[in-house]
Amino acid sequence: MSKILILDGNSLANRAFYALPMLTTKEGKPTNVLHGFMTMLLRLLAEQKPDYWIVAFDKTKATVRIEQFAAYKGNRKETPDALRPQFDYLKEVLAAFAVPIIECAGYEADDLIATVTTKAEERDWNVQIYTGDRDALQLISPKTTVYLTRKGISEVDEYNEEALYAKYQLRPAQIIDLKGLMGDASDNIPGIPGVGEKTALKLLGEYETVENVLAHSDEIKGKKLQENIRTYADQARLSKKLATMLHEVPLEMDLEKFSYRRPDEAEFATVLDKYTLKNVARIWHQNHAENLDDSKEASTENADNQDNPETASSENTNTNTLLDGWPAKELNSEEWIQQLDNWRAAKQPVTLSYKITPGNPHWSRVLEWGIAVQKNTYSLLWAEADPAVKRSFASFLEDSEVSKTVGDGKALYSVLQNEEMTLRGVSLDLSLAAYLINPTRTKFDAVELVREYVPGYPDFSSLTEEVSALAQVADRYKETLEELGLTALLHQVEEPLSFVLARMERTGIGVDAEQLKSFGEGLTTELQRLEQEIYLLAGESFNLNSPHQLGHVLFETLGLPPVKKTKTGYSTDAETLEELKMSHPIVENVLDYRQLSKLMSTYVNGLLAQIKEGKIHTTFQQTVTATGRLSSTEPNLQNIPIRLEQGRLLRKVFQAPHKDWVLLSADYSQIELRILAHYSKDEVLSESFALGQDVHTRTASEVFGVPMEEVTKDMRRKAKAVNFGLVYGLTEFGLSRDVGIPRKEAKYYIEKYFDRYSGVKRYLAEVVIQAKEEGEVRTLLNRLRRIPELRHPNRNQRQFGERIAMNTPIQGTAADIMKLAMLGVVQALEPFQADVLLQVHDELVVQVAPEELDQVAKIVKEEMENAFPLSVPLTVECKTGRNWYEMEPFFTDK
DNA sequence: TTTTTCACG
DNA sequence: ACGTACGTGAAAAAT
């Protein structure tokens with residue numbers, strides 16, 4: 001059976017353009033699309049060895065569809081200047097490479113692709129379509145597979161009928177129904193208002209087609225939804241039609257012209273040179289180096305290309321990225337015990353996976369273990385396992401001599417604590433590895449971890465398949481970590497910290513439920529009073545919690561002047577309301593109501609729901625933030641009120657979980673500005689810290705040109721705002737808004753600041769330049785964050801990238817230092833009656849037996865201050881009290 | 001699910 | 001002319 005590859009030229013070129021950095025020839029011609037497209041093309045050639053191939057392009061004339069619907073693609077953006085000429089360059093390169101292209105005035109690439117697919121299927125060929133456009137999924141059939149690009153173009157997801165069904169529960173023909181219902185903003189296909197992907201899939205799951213959904217609109221639940229479906233029925237039918245690819249483009253095409261031909265070397269070399277596509281040339285030559293010297297290729301190939309005609313591609317040096325199937329062995333109880341003993345004796349490295357009861361791992365139980373050892377896998381059903389096997393397995397897990405690769409060590413350790421077991425010897429935590437490699441990724445489940453290195457959707461039908469896949473990608477993670485210089489950070493900081501965090505979570509923090517309830521009762525009374533007052537002043541009652549309804553009352557009924565708009569209507573946030581305070585007495589009441597209702601819903605009710613046996617156990621997320629900070633969820637204990645007194649009172653309910661122990665809080669003073677001083681080596685800023693001055697007062701003194709004794713409160717307030725802004729990537733707008741001063745004045749302060757702190761100015765400029773060159777920034781511990789925004793065609797995005805470049809090394813280094821400090825503190829406190837309970841970015845909360853407070857405070861302070869020496873001193877302030885509200889300064893003597 | 005708002009460092 | 005300070009998580013409404 002012959003194989004044809006169909007590439008969507010426009011879609012892939014667009015993807016390549018936005019995915020890759022701006023590359024140019026020495027004359028300045030943009031070439032990033034050429035690089036991206038040709039690299040992909042050569043890879044497909046080597047891996048797929050097509051018999052036929054074709055690249056389809058749109059022709060820029062009016063298309064047939066515009067006649068159907070005037071707005072179609074109406075809001076599509078103008079092609080960027082750097083992209084437009086590359087289409088012609090690309091066609092030139094393709095011609096030199098003997099790759100056939102098709103285009104047809106009045107039709108889109110989509111329609112050409114559909115037409116070629118139909119003809120190829122008639123000949124019983126195998127069809128592979130490569131595009132970034134999900135519309136193409138409608139072409140899937142037993143003979144046709146669609147490959148969608150994923151983040152950039154270097155990786156694709158394979159969709160056949162099964163994969164499509166697994167992901168969307170749709171048949172290929174239903175893709176157009178999906179578009180008909182949900183529309184497509186990028187093509188200005190309207191669909192039905194209020195129907196997004198979720199709703200559309202639900203409807204199609206029940207009614208199969210657009211027509212059938214419309215016919216049964218009276219059965220559909222949801223008043224608004226039903227109404228919209230009726231109102232926009234015609235629009236849905238039209239949208240479906242627009243999404244349908246045309247299979248009958250009136251174009252003579254002889255499929256034989258699409259056959260693969262080896263290019264003329266000289267012609268190809270000339271054009272590669274013309275556009276300085278060195279990398280493409282290198283790949284070409286590498287793939288076509290004589291196969292004499294590649295002796296390392298010995299993979300268990302299961303591809304079905306026996307009847308491949310002679311193609312130009314020889315065996316390439318790529319390693320096979322497909323997963324090997326490792327056998328799953330069955331063991332009885334005796335064999336398990338024996339096997340576990342053997343592995344321990346041989347110190348055999350293993351990969352572990354597990355299935356647990358659903359929900360928060362804090363309370364979950366283990367259902368099954370999956371273990372991979374030396375290309376074999378084993379499954380252990382935990383509930384029905386023999387007690388002797390369980391004991392043996394527990395010893396195996398806690399044997400630190402046995403190296404373990406795991407998907408998520410913290411969650412595993414958490415669950416194990418429910419089983420009275422522990423975990424030692426974790427030598428690779430794949431989630432943490434993946435996080436360090438890309439701290440902005442969001443998914444860390446096994447499928448996603450494997451997918452990083454295995455194209456397509458790995459589909460694990462058993463735990464043993466999952467664990468074998470994890471084991472097989474582990475080495476790839478190690479290589480990448482090495483390449484990026486992240487190995488030490490992983491093994492010396494993140495992995496050990498994960499166990500510290502798991503223990504903190506398990507210890508929990510004490511919360512007095514009764515006190516919290518009575519606090520809530522007080523709030524309820526006050527909230528009811530405010531609510532009545534507001535309705536009286538408004539002359540009507542409404543849902544005060546609805547920004548929409550509140551906006552209506554304030555700006556329509558009462559006629560207050562609108563200040564700011566959101567994309568859906570009037571803005572009613574605190575900043576807006578502050579400005580309106582003078583206009584109407586209702587505004588102040590609304591502000592008070594907002595503040596109290598926040599306390600009531602998020603804190604009183606939210607926390608009450610989380611109390612278990614007098615304690616709250618948060619989850620610290622270690623793979624969430626882009627900068628390396630931790631985050632805290634279910635509940636978030638890193639945003640307990642403190643700034644306003646009414647909220648701060650809430651802290652009274654937090655106490656040491658251990659009876660009669662007290663809380664100790666230790667927080668870094670100005671850690672981010674100290675890091676800025678360290679990085680910038682600025683003389684004034686460094687001196688300020690070396691002398692132990694109040695840094696905001698010193699800044700005010702410099703900016704306003706007065707001695708420190710003459711700095712007023714207002715000057716200090718403004719200088720403090722400048723210092724805050726610096727860390728975020730100072731802007732005039734931000735400073736003026738925060739301090740409530742005109743832009744002009746903000747600009748003046750910034751200029752003055754940079755006059756006096758020229759080292760800071762130089763550093764911030766340099767960090768941006770370097771970030772632009774390298775596309776990434778690093779922290780002091782080498783933590784990495786890539787900043788693709790710096791190369792984004794949109795200027796706002798680029799400026800956002802610049803602020804990230806200024807902020808991340810600072811915020812991230814602060815996070816690094818705190819993590820090191822936590823490891824030091826926990827280790828140093830081992831002999832004491834004390835536990836670390838919480839981390840709030842620059843603060844640690846510890847519980848301690850009162851008689852050991854002196855010693856413990858001293859240790860915590862010293863460990864934190866000396867966690868990582870900077871060119872300026874780090875200082876830590878300790879406070880102590882019976883709860884998190886009544887904290888009094890605590891001085892340790894040296 | 002998305003939007004708005006607001007709590008923290 | 002536009003849309004801006006950096007990093008988070010949760011609740012409620014509207015869809």
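Chain letters run A, B, ... following the sequence lines, proteins first, then strands; residues in each count from 1.
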*For A/V727, answer base if it contacts any base atom (sugar-phosphate contacts may also be present), sugar-phosphate if it contacts only those atoms, and nothing otherwise; contact means non-hydrogen atoms under 4.0 Å.*
nothing

*Quick one: A/R737 CZ to C/dC2 C1', roughly how many Å, whole number?*
16 Å

*Assign A/S571 to base, sugar-phosphate, or nothing according to its heavy-atom contacts below 4.0 angstrom with the strands shown.*
sugar-phosphate

*For A/L735, which contact category applies under a 4.0 Å heavy-atom criterion: base, sugar-phosphate, or nothing?*
base

_Parallel, tilted or perpendicular: rings of A/W363 and A/H617 (30°, 60°)_ = perpendicular

*A/S631 near the nucleic acid: base, sugar-phosphate alone, or nothing, with a heavy-atom cut-off under 4.0 Å?*
sugar-phosphate

*Looking only at N and O atoms, is any donor in the side chain of A/R643 or the base of B/dG9 less than 3.5 Å from an acceptor on the other one?*
yes

*asked:* At 4.0 Å (heavy atoms only), tell me whether A/A814 reaches a base, stays on the sugar-phosphate, or touches nothing.
replied: nothing

*Paired with C/dC6: which nucleotide, if any, by Watson-Crick or G-U wobble criteria at under 3.5 Å for both distances?*
B/dG9

*Is there a donor on the side chain of A/N545 or the base of C/dA12 sitting less than 3.5 Å from an acceptor on the other?*
no

*Is there a donor in the side chain of A/S632 and an acceptor in the side chain of A/T618, or the other way round, less than 3.5 Å apart?*
yes

_Check: A/N723/A/T699 side-chain N/O donor and acceptor closer than 3.5 Å_ = yes

*May I ask you to say what A/A805 touches in the nucleic acid, namely base, sugar-phosphate or nothing, with a heavy-atom cut-off under 4.0 Å?*
nothing

*asked:* Just by distance, no angles: are the side chains of A/Y570 and A/T576 close enough, under 3.5 Å, to form a donor-acceptor pair?
replied: no

_Between C/dG7 (P) and A/D842 (CG): distance, integer Å_ = 17 Å

_Nearest-Å distance once atom C1' is located in both B/dT2 and C/dA5_ = 24 Å

*With a 4.0 Å cut-off on heavy atoms, is A/N605 in touch with a base, just the backbone sugar-phosphate, or nothing at all?*
nothing

_Could you check whether A/R762 pairs with A/E766 (Lys NZ or Arg NE/NH1/NH2 to Asp/Glu carboxylate O, under 4.0 Å)?_
no

*Intermediate values then yes/no, ring pair (Phe, Tyr, Trp, His ring centres under 6.0 Å), A/F542 and A/Y535*: CA-CA 7 Å; A/F542 58 98; A/Y535 294 156; 5.6 Å; yes

*Which nucleotide in the set B/dG9, C/dG7, C/dG9 lies at the smallest distance from any side-chain heavy atom of A/T627?*
C/dG7

*If you look at every strand shown and take non-hydrogen atoms under 4.0 Å, does A/D573 touch a base, only sugar-phosphate, or nothing?*
sugar-phosphate

_Just by distance, no angles: are the side chains of A/E789 and A/Q799 close enough, under 3.5 Å, to form a donor-acceptor pair?_
no

*asked:* If the cut-off is 4.0 Å, is A/Q839 near the phosphate of B/dG9, judged by side-chain N/O to OP1 or OP2?
replied: no

*With heavy atoms under 4.0 Å as the rule, sort A/T572 into base, sugar-phosphate or nothing.*
sugar-phosphate

_Shortest side-chain distance from A/R795, nucleotide among C/dG3, C/dA14, C/dG7_ = C/dG3

*Distance between C1' atoms of C/dC2 and B/dA7 (Å, rounded)*: 30 Å

_In this structure, how many angstroms lie between the C1' atom of C/dC6 and the CD1 atom of A/I675, rounded?_
14 Å

*Can you check whether any acceptor in the base of C/dC6 is under 3.5 Å from a donor in the side chain of A/Q811, or vice versa?*
yes

*asked:* Applying a 4.0 Å non-hydrogen cut-off, can you work out what A/L630 is touching in the nucleic acid: base, sugar-phosphate, or nothing?
replied: nothing

*Using a 4.0 Å heavy-atom cut-off across all strands, classify A/N639 as base, sugar-phosphate, or nothing.*
base

*How is A/A815 classified with respect to the nucleic acid when contacts are heavy atoms under 4.0 Å: base, sugar-phosphate, or nothing?*
nothing

*When you compare B/dT5 with C/dA1, how far apart are their P atoms, in angstrom units rounded to a whole number?*
26 Å

*Taking atom P of C/dG9 as reference, at what distance in whole Å does atom CD1 of A/I640 sit?*
14 Å

*Ignoring hydrogens and angles, does a donor from either the side chain of A/R743 or the base of C/dT4 sit under 3.5 Å from an acceptor on the other?*
yes

*Taking atom P of B/dC8 as reference, at what distance in whole Å does atom OH of A/Y728 sit?*
13 Å

*Name the closest nucleotide to the A/S601 side chain, picking from C/dA11, C/dC6, B/dA7.*
C/dA11

*asked:* As a test of reading the structure: which of B/dC8, C/dA10, C/dG7 is closest to the side chain of A/K598, going by heavy atoms?
replied: C/dA10

*What is the distance from CG of A/L181 to C1' of C/dT15, rounded to the nearest Å?*
16 Å

*Which nucleotide, C/dG9, B/dC6, B/dG9, lies nearest any side-chain atom of A/R594?*
B/dC6

*asked:* Nearest to the A/T731 side chain among B/dT5, C/dA5, B/dG9, which nucleotide is it?
replied: C/dA5

*asked:* Looking at A/T602, I'd like to know whether one of its side-chain N or O atoms comes within less than 4.0 Å of OP1 or OP2 on C/dG9.
replied: no

*Nucleotide of C/dG7, C/dG3, C/dA10 approaching A/A626 most closely (side-chain heavy atoms)*: C/dG7

*Could you tell me whether the phosphate oxygens of C/dC6, OP1 or OP2, come under 4.0 Å of any side-chain nitrogen or oxygen in A/R803?*
yes

*Pick base, sugar-phosphate or nothing for A/E672, based on heavy-atom distances below 4.0 Å to the nucleic acid.*
nothing

*Rounded off to whole Å, could you give me the CG-to-C1' distance for the A/N794 and C/dG3 pair?*
10 Å

_Let me spell it out: for each of A/H548 and A/P439, pick the nucleotide of DNA chain C with the closest heavy atom. Which residue's pick is nearer the 5' end?_
A/P439

*asked:* Is it the case that the side chains of A/Q622 and A/E494 hold a donor-acceptor pair, with the cut-off being a distance below 3.5 Å and no angle test?
replied: yes

_Within the 4.0 Å heavy-atom criterion, would you say A/Q799 contacts the bases, only the backbone, or no part of the nucleic acid?_
base

*Send over the distance from A/H841 NE2 to B/dA7 P, rounded to a whole Å.*
16 Å

*A/D682/A/K761 salt bridge by N-O under 4.0 Å criterion*: no

